[in-house]
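Presented below is the structure to which this report refers.
Proteins get letters first, then strands, A, B, ... in listed order; numbering begins at 1 in each.
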There are 2 protein chains.
Amino acid sequence: MESRIDRIKKQLHGASYKLTPQREATVRVLLENEEDHLSAEDVYLLVKEKAPEIGLATVYRTLELLTELKIVDKINFGDGVSRYDLRQEGAAHFHHHLVCIECGAVDEIQEDLLDDVEAVVEKRWNFTVKDHRLTFHGICWRCNERHANEDEQ
Amino acid sequence: MESRIDRIKKQLHGASYKLTPQREATVRVLLENEEDHLSAEDVYLLVKEKAPEIGLATVYRTLELLTELKIVDKINFGDGVSRYDLRQEGAAHFHHHLVCIECGAVDEIQEDLLDDVEAVVEKRWNFTVKDHRLTFHGICWRCNERHANEDEQ
DNA sequence: TTACTAAATTAGAATAATTATAAAATGATT
DNA sequence: AATCATTTTATAATTATTCTAATTTAGTAA
């Protein structure tokens with residue numbers, strides 16, 4: 001955890017930015033909630049617990065900065081809010097998401113799975129892929145299991 | 001074109017909605033700009049040319065309705081706006097997009113390409129896929145060709 | 001230390017997209 | 001023609017995000 005912060009600090013310095021206390025608090029919140037998909041507002045409220053004097057605009061600016069540096073990814077699941085998701089360290093590409101249309105849960109897929117598809121896109125459309133966004137909508141394993149149990153009875 | 005409108009009319013009736021003049025004008029705009037990715041505001045301005053008395057809220061409501069009926073899909077490319085995209089007739093799944101990070105162009109891929117990936121997701125994550133969103137970010141064929149020409153000189 | 005400078009932050013205002021509300025219009029049905 | 005549900009309009013309200021001006025902070029050089 002601390003080493004992860006250190007590495008992010010170095011990334012910032014490398015782009016000649018500082019890891020200010022506000023930025024550090026924001027990054028810590030993201031690390032501590034890595035499996036969630038927080039909106040800017042969510043992050044703001046959590047950061048306030050550590051650093052009550054922080055302003056919402058600062059959170060927005062920090063998240064934007066982290067997005068630029070590819071430390072986090074900004075995603076949008078169709079509700080009106082942008083959500084922010086830490087990238088796996090060293091990951092070249094953004095991971096995928098499974099959104100459950102029954103319970104609303106969002107699971108992550110770290111595997112890439114798209115190598116073949118990207119090869120086709122590059123060749124057939126002469127499109128140089130730099131990144132991707134892939135989200136599946138459907139029924140998650142929890143709901144599927146629940147249905148299976150209900151049927152048993 | 002007319003037959004396409006007729007079929008949409010039937011879809012609406014099937015869900016006990018009417019194809020009011022405002023709704024028809026909105027659908028026509030979507031059909032006439034099928035290759036674009038219009039925002040609600042864009043649609044509003046175009047519909048106003050046909051039906052100047054229409055209100056913005058009606059356009060929003062109509063687009064929401066068409067989204068529910070899976071006639072259009074609502075997408076979000078990361079700028080603050082939702083965009084609306086007609087589904088291919090009979091398409092079970094949403095088509096994919098290629099967003100150029102240089103010129104901003106958005107191209108569509110109608111082929112599915114994801115059959116294999118979906119099979120893996122269903123099996124490995126026990127996730128029942130109902131739909132998907134796939135967008136590639138990168139450099140489009142136009143920009144790639146331009147670069148190739150520039151290098152020649 | 002002190003002064004200077006650039007970068008960062010704050011609070012609050014401003015903007016932009018979207019949704020909600022109440023009144024009016026439409027259209028079908030009895 | 002009266003009634004009822006649906007739809008639309010115009011406008012207000014809400015929400016997310018960005019901008020602005022004033023202030024603070026950190027780092028550097030005198």
Handout entry: Listed partners of A:Ser39 passing side-chain hydrogen bond (donor to acceptor under 3.5 Å, both in side chains), at least two apart
Key = A:Asp42
Exercise for the section: Please test A:Asp131 against A:Arg87 for salt bridge (Lys or Arg N to Asp or Glu O under 4.0 Å), starting from the C-alpha separation and ending with a verdict. Expected result: CA-CA 12 Å; A:Asp131 202 358; A:Arg87 239 180 222 224; 2.8 Å; yes
Let me check something: any side-chain donor-acceptor pairs from residues 49-58 of chain A under 3.5 Å, sequence neighbours excluded? List them with distances.
residue	atom	partner	partner atom	Å
A:Lys50	NZ	A:Glu32	OE1	3.2
A:Lys50	NZ	A:Glu32	OE2	3.1

Fill in the blank from the handout: Across all chains, not counting sequence neighbours, the side-chain hydrogen bond (donor to acceptor under 3.5 Å, both in side chains) partners of A:His13 are none
Fill in the blank from the handout: Applying ring-ring contact (aromatic ring centres under 6.0 Å, His included) to B:Phe94 and not counting sequence neighbours gives B:His97
Exercise for the section: Please state how far atom CG in B:Leu12 lies from atom P in C:dG27, giving the value in whole angstrom units. Expected result: 16 Å
Completion exercise
Taken in chain and number order and not counting sequence neighbours, the residues that satisfy ring-ring contact (aromatic ring centres under 6.0 Å, His included) with B:Tyr44 are none
Considering only nitrogen or oxygen atoms on both sides, find all protein atoms under 3.5 Å from nucleotides 13-19 of chain C and state each distance.
residue	atom	partner	partner atom	Å
C:dT18	OP1	B:Ser82	N	3.1
C:dT18	OP1	B:Ser82	OG	3.2
C:dT18	OP2	B:Tyr60	OH	2.5
C:dT18	O5'	B:Tyr60	OH	3.3

Handout entry: Separation of D:dT18 P from B:Asp79 CG (nearest whole Å)
Key = 11 Å
So which protein N/O to nucleotides 2-7 of chain D N/O distances come out below 3.5 Å?
residue	atom	partner	partner atom	Å
D:dT7	OP1	B:Arg23	NH1	3.1

Practice task
In whole angstrom, give the distance that lies between atom CD1 of A:Ile75 and atom P of D:dA16.
Solution key: 17 Å
Show me, pair by pair, the donor-acceptor contacts under 3.5 angstrom made by side chains of residues 113-124 of chain B, not counting sequence neighbours?
residue	atom	partner	partner atom	Å
B:Glu118	OE2	B:His132	ND1	2.6
B:Glu122	OE2	B:Val129	N	2.9
B:Arg124	NH2	A:Glu111	OE2	3.2

Practice task
Run through the side-chain heavy atoms of Ile, Leu, Val, Met, Phe, Trp and Tyr, join any pair under 4.5 Å, and report what else lands in B:Val81's cluster.
Solution key: none
